[in-house]
Amino acid sequence: MAKTEIALQNVRNIGIFAHIDAGKTTVTERILFYTGKIHRLGEVHEGTATMDWMPQERERGVTITAAATTCVWKDHRVNIIDTPGHVDFTAEVERSLRVLDGAVTVFGAVEGVEPQSETVWRQANKYNVPRIAFINKMDREGADYEAAIEEMEKKLNARVLPLQLPIGSGEQFVGAIDIVGLREFLYEAQNGVDYKITELSEQNKEKALKYRELLIEKLAEVNDEILHKFIHGEKIEEELIHKAVRHATIKEKMVPIFCGSALKNKVIQPLLDAVVKYLPSPLDVPTIKGENPKSGQEEERKPDKKEPFCALAFKIVTDPFTGRFTYIKIYSGDIKVGQRVYNSSKQKAEKIQRIFIMHANKREEREYASAGEIIAVVGLQSTATGDTICDENHPIILEGVTFPEPVIFVQIEPNNKQEGEKLQQVLRKLEEEDPTFKVSQDEETSQTIISGMGEFHLLIITSRILDEFKINATVGKPQVTYRETINSDAKAEGKFIRQSGGRGQYGHVILRVEPMSLVSESSIRHDKKRVSKKSKTDKTSQIAGQESKQRKPSFEFINEIKQGAIPGNFISSIEKGIQEAMKNGVLAGYPVIDVRVILLDGSYHEVDSSDVAFHIAASMAFKEAMRKAAPYLLEPLMKTEVVAPEEYMGEILADLNVKKSEISEIKHRGGLIIITALTALSEMFGYATTIRSLTKGRGSYIMEFFKYGKVSKQKEQKLLHKSNDSKIRGEE
């Protein structure tokens, strides 16, 4: 099919983001219908939504994987990524935001700002993605547009800019008031195709004028022309307002707010108008910057097909018929089928065999693609999520994508040797597709361990393994990924000396360990050195900086060796030895986090010293220091939100108290109780069944990882006892 040429300034690369059940996939479905991309409305609850194409999505009515599509609205090409709202699949949101130019964030008019809404908002802030907000479900009983906006201001610290007002709510919701144009959109037909645009009714005029005045006052703060006209009482044209709103949105100074009901097909067309009016084109976002791997210098690529080719791989999908798809965002230049490209992250040349424009699981094949497009390609066998592909004569490496670590795992065992080989192939494919899914082997039992972001995440993964890939395997019960850390500082020495007639082995290390919370003079000196080396100020380095502020590093290594006590070429082996030792702590063999290690002293032998010897000596010293530094266990604590009818509040709170939860907020809205609590993950296994039982099927919950917290003494003793028992069985 021939490509429809659309100027780059008329391209919009957007994502649809929301908390689970806020209606984001339904919004996307309506957008596709009203743009003519599909000709029949699909419904999430019926399992017929276009973007929820996976069997697991249709069965459960939950978006699991980010799906891409493209449509045209008023001579603008709108490339859309519909993302999951469940926190277990937050990686899909993270990598989508990395490549998008703008976003539509959907909020429920009854629920307001929910936990995953806050998470997505923080992610969008991190990647500097301009956004507009859509207050959905205005047809629901208890819908409160103004309360939802107030929550956005309070919880998200957003500078809101309401551009619409709902006409009615609940069953009486019939449309919206356009504050900029002072007119009404009235929907009568059920399919939402036919609607009327009328002048303001007398009953709505006063409120609309009040909001328009507030709108002008806010815009006057960021637009000099509007300020001048406002001060002098001059007429402010509608076009000038649109221009000011667009500028404020793209610069992330304000967030335009709209409202409607996707399920009832109301006020979707004005939302589409807002996407093309206010969200940026690839020409409006900052020029992408990266590092030349040869020179180490910062370079930039403009969104122009005449520039050298440069793209970021952000998603891998394995298709049983076509093979391995790599989703890429092209930042500059162009590519053709058959063209050779260079993976600068892996330093490998690859070949583009096929190019596709995606529509969920359907695709349109193309011969060519250029700057500003989001496409899928076949042929990049070595490319992984976060890799840069580019012109080999003009190499560049872009900032990749960071993902959280898994917090839960299960054991999976094939039922025979043949199934074992098939299982390992499938696990490799799933690991490529999902950066938050990890596969490892238990060194003591040789069992295969698969880890993920939550119980639901692993449920979907194991469902795909057993049902989609037809693997006969046994899956164990979910288990928590505990961690180990230390409570004090300690010093230790490690010596590895071997003599066997010929050349021996000699490594000698003295080091100190400290909790990361303990600020030492050495770490202060180290931080000063690190600060003095800062030079980059581009967008990608700012992203990395914001990430480091949000997530405390789990390990820091400081070298204080003086006067050549240990040659510099062995220092990296010492650090690797420490990191290797951190994989299995001294208490129960769990990974070690939040530890600073200072290399103090040591010695070497001119002949016998080697990388291996210092690697082993460092590992020995670290483990000995850990034993002296009051080690203790940590467990993942989850931020949990429970939503249920108010009448079940007592039962829910009682159960959470039994689980030793820390209740942080109780909110009442529209007959519902919304409880936010901090709870140990180990207490929440099977909670989906518990909440259904407590509320007669009317309650729901969602969890996201919050932090690691200290395990109680009683629980620690049980875990250590269990660990010792398993070690004894392993020895036997």
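Predicted model, so just to flag it, every value in this text is computed and none were measured. Residues take their numbers from the sequence shown, with the count starting at 1.
A donor-acceptor contact closer than 3.5 angstrom links the side chains of E299 and N292. Looking only at atom types and distance, the side chain of S382 has no donor-acceptor partner in the side chain of N343 under 3.5 Å away. Of the N and O atoms on the side chains of H457 and D434, at least one donor lies less than 3.5 Å from an acceptor on the other residue. Q505 and H605 share no donor-acceptor pair across their side chains, judged by distance under 3.5 Å alone.
Look at E118 and K639 and you find a salt bridge, because one of the NZ, NE, NH1 or NH2 atoms lies within 4.0 Å of a carboxylate O, short of that distance. We find that E716 and K718 are not joined by a salt bridge, their nearest charged nitrogen and carboxylate oxygen being 4.0 Å or further apart. For the pair E635 and K710, the salt-bridge criterion is not met [side-chain N within less than 4.0 Å of a carboxylate O]. A salt bridge links E624 with R627; the closest basic N to acidic carboxylate O contact falls under 4.0 Å. Using a 4.0 Å cut-off between charged nitrogen and carboxylate oxygen, E419 and K422 count as a salt-bridge pair.
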Take S682 and K715, measure what side chain to side chain donor-acceptor pair (under 3.5 Å) needs, and give me the verdict at the end.
CA-CA 10 Å; S682 59; K715 187 184 290 187; 2.8 Å; yes

Where do L719 and Y590 land on the side-chain contact (heavy atoms from CB on, under 4.5 Å) test, with the steps shown first?
CA-CA 11 Å; L719 289 168; Y590 295 112; 4.1 Å; yes

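At least one test fails for K348 against the ring of Y342: distance under 6.0 Å to the centre or angle within 45° of the axis.
For the pair Q411 and T448, the minimum side-chain heavy-atom distance is 4.5 Å or more.
A donor-acceptor contact shorter than 3.5 Å is absent between the side chain of Q479 and the backbone of I408.
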